[in-house]
2 protein chains.
Amino acid sequence: MRSKGFDGMVCSIAGVMAAIGDRWAVLILRDLLCGLSRYEDFRHSSGVTNATLSDRLKHLEANGLVERRRYQQKPERFEYVLTKNGWQIGPAIMVLAQIGDRLDLSGASSPPMKFVNRKTGAEVGWSYIDRSTGEPVSAVDLAIEAGPGADELVHWRVSHAKARRAEAKARRAEAEANRAET
Amino acid sequence: MRSKGFDGMVCSIAGVMAAIGDRWAVLILRDLLCGLSRYEDFRHSSGVTNATLSDRLKHLEANGLVERRRYQQKPERFEYVLTKNGWQIGPAIMVLAQIGDRLDLSGASSPPMKFVNRKTGAEVGWSYIDRSTGEPVSAVDLAIEAGPGADELVHWRVSHAKARRAEAKARRAEAEANRAET
DNA sequence: TAAGCTAACTCTGATTATGAGAGTTAAGAG
DNA sequence: CTCTTAACTCTCATAATCAGAGTTAGCTTA
């Protein structure tokens, strides 16, 4: 894992990606969320190689997302379980799965996995919501702003993006004008 | 990108991760969602190196998430914008950001970015919802099942996970019994 | 007219990660 | 005494990444 450049970034997204590690780790997390817990489970489930799996488990452990613990002595055997923090990654995996289904990237013609309410059996999805009212919010109404923890780069990103959108709008207006002229 | 093993997997999560590419691509996607669009924007924003950025943009384009287009001639200059499919990745990035904030992985003491409703200014979050009723669903009620597109491996994963949970339960019961004995 | 500058790259060479698979350890099973 | 299982570690060839230099084409400033 070449995390150079990811360390020291002020960005929640970069932070989570660094904590996870790479795409193999995402598959391990998927398996952990399903309920798998052993080295050989992960190997069988995702086809990851020994060196990579071993490394990724250590990384997840070092980042507090996974806990390694002995489940038997004689011979010693270990399993891996999600920590409290590790469970927090769940929603990201679920959203990823549903995006994959929608964009038809699963490799199958219909969803290989589904998420259900274990009490009612109903299918579960997700939605943007207004944090104060709890009302659903449409994707088109979503805007990104600098938060209280923003550093200079984040401010640059947000304001520069605004400028880019303005430029694009101006170009569209000009193109429109040119078309009207002819 | 060593995508060996990711090709041919029947898994929506692996599919999206393969389409995205790696964590640098996630940062590029973040920037695109913010509104940045040019090569130098991405470089400045994420600190990615030339070779990697160039490669990642090509990969995203090849996977239909990003479109490269000329925005001026003399000299020729290009920009990158999200395609319709590319916009679908948005929720994943947002969820990732909010997880990072909650786990305090942003590198700052408070969120560097926030998501708001551009109409009302209210902060936007997300929630699990029941797909038929639209009611919110609690994370503890969420269960993963094999879907209609599941192949043998997915079925194995789901049923094996169930077995693992049963084993863990039995071990806990035994440990409980031992403790009661003494 | 020449030297700088900008945007969007490509190229190079040293370093680091990955994939495939063989080997290790410790214990129980046949 | 050999086989099997679980959880790894080791090796080596190959592929990806980093840092930074170079390229191209048309401005712009002196």
Side-chain angles (χ1 to χ4, degrees), chain A residues 1-9 17-18 20-28 31-32 36-61 66-81 160 163-164 167-168 171, chain B residues 1-9 14 17-18 20-28 31 36-61 66-81 160 163-164 167-168 171:
Chain A
M1 215 146 329
R2 204 178 244 81
S3 55
K4 195 78 177 300
F6 266 71
D7 306 337
M9 268 182 188
M17 291 313 289
I20 293 175
D22 71 348
R23 43 230 203 102
W24 289 110
V26 173
L27 297 192
I28 296 171
D31 290 348
L32 282 160
L36 297 180
S37 58
R38 305 207 188 144
Y39 189 92
E40 288 300 325
D41 291 346
F42 305 131
R43 239 164 72 71
H44 184 216
S45 174
S46 66
V48 64
T49 63
N50 281 325
T52 305
L53 175 55
S54 174
D55 189 76
R56 244 17 61 112
L57 287 168
K58 284 192 181 82
H59 179 86
L60 290 170
E61 201 190 355
V66 157
E67 188 193 336
R68 177 180 188 262
R69 66 177 180 208
R70 194 175 54 220
Y71 67 87
Q72 80 171 30
Q73 294 174 301
K74 293 173 172 283
E76 281 201 317
R77 288 293 138 86
F78 299 90
E79 67 180 354
Y80 297 85
V81 291
H160 203 70
R164 284 279 179 256
E167 283 172 41
R171 274 204 310 281
Chain B
M1 214 146 327
R2 205 180 242 77
S3 56
K4 196 79 177 298
F6 267 71
D7 305 337
M9 269 183 187
M17 291 313 291
I20 293 175
D22 71 348
R23 45 236 199 92
W24 289 111
V26 173
L27 297 193
I28 297 170
D31 290 348
L36 297 181
S37 59
R38 307 207 187 145
Y39 188 92
E40 288 300 324
D41 291 346
F42 305 131
R43 240 164 73 70
H44 184 215
S45 173
S46 66
V48 64
T49 62
N50 281 324
T52 305
L53 175 55
S54 173
D55 188 76
R56 242 20 59 110
L57 287 168
K58 285 190 180 84
H59 179 87
L60 290 170
E61 200 191 353
V66 159
E67 187 194 337
R68 178 181 189 261
R69 64 177 183 209
R70 195 176 51 220
Y71 67 88
Q72 82 173 27
Q73 294 173 302
K74 295 177 172 277
E76 281 202 315
R77 288 294 136 85
F78 300 90
E79 67 179 353
Y80 297 86
V81 291
H160 203 69
R164 284 280 179 255
E167 282 172 43
R171 275 205 309 281

Can you find a side chain N or O atom of [X] that sits less than 4.0 Å from OP1 or OP2 on [N]?
| X | N | value |
| --- | --- | --- |
| A/Arg68 | D/dC8 | yes |
| B/Ser54 | C/dA8 | no |
| B/Trp24 | D/dA16 | no |
| A/Arg43 | D/dC8 | no |
| B/Lys58 | C/dT10 | yes |
| A/Arg38 | D/dT5 | no |
| B/Tyr39 | C/dT10 | no |

Taking [atom1] from [X] and [atom2] from [N], how many angstroms apart are they, rounded to a whole number?
| X | N | atom1 | atom2 | answer |
| --- | --- | --- | --- | --- |
| A/Asp55 | C/dT16 | CG | C1' | 12 Å |
| B/Asp22 | D/dA15 | CG | P | 18 Å |
| A/Arg70 | C/dA26 | CZ | P | 15 Å |
| A/Leu53 | C/dA20 | CG | P | 14 Å |
| B/Phe42 | C/dA7 | CZ | P | 14 Å |
| A/Gln73 | C/dG28 | CD | P | 12 Å |
| A/Glu79 | D/dT5 | CD | C1' | 16 Å |
| A/Asp41 | D/dA6 | CG | P | 9 Å |

Name the nucleic acid region contacted by [X], choosing base, sugar-phosphate or nothing; use a 4.0 angstrom heavy-atom cut-off, strictly under.
| X | answer |
| --- | --- |
| A/Tyr71 | sugar-phosphate |
| B/Tyr80 | sugar-phosphate |
| A/Phe78 | sugar-phosphate |

_Salt-bridge criterion met for A/Lys58 and A/Glu61 (N-O under 4.0 Å)_ = no
*Under a 4.0 Å N-O cut-off, is there an ion pair linking A/Glu40 with A/Arg43?*
yes
Looking at [atom1] of [X] and [atom2] of [Y], how far apart are the two atoms once the value is rounded to the nearest 0.5 Å?
| X | Y | atom1 | atom2 | result |
| --- | --- | --- | --- | --- |
| A/Tyr80 | A/Asp41 | OH | CG | 11.5 Å |
| B/Arg171 | A/Tyr71 | CZ | OH | 7.5 Å |
| B/His160 | A/Ser37 | NE2 | OG | 8.0 Å |

_With nearest nucleotide decided by heavy atoms, which residue, B/Arg77 or A/Pro75, maps closer to the 5′ end of DNA chain C?_
B/Arg77
*Which residue, B/Leu57 or A/Thr49, contacts DNA chain C at a nucleotide closer to its 5' end, judged by nearest heavy atom?*
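Taking each residue's closest nucleotide, the earlier one in sequence belongs to B/Leu57.
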*Taking the six-membered ring of B/Phe42, is NZ or CZ of B/Arg56 closer than 6.0 Å to its centre and within 45° of its axis?*
no
_Minimum-distance nucleotide (side-chain atoms of B/Glu40 versus C/dA7, D/dT9, D/dA21)_ = C/dA7
*Selected nucleotide, minimal atom distance to A/Asn50 side chain, candidates D/dG26, C/dG19, D/dT9*: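 Side chain of A/Asn50 sits closest to D/dT9.
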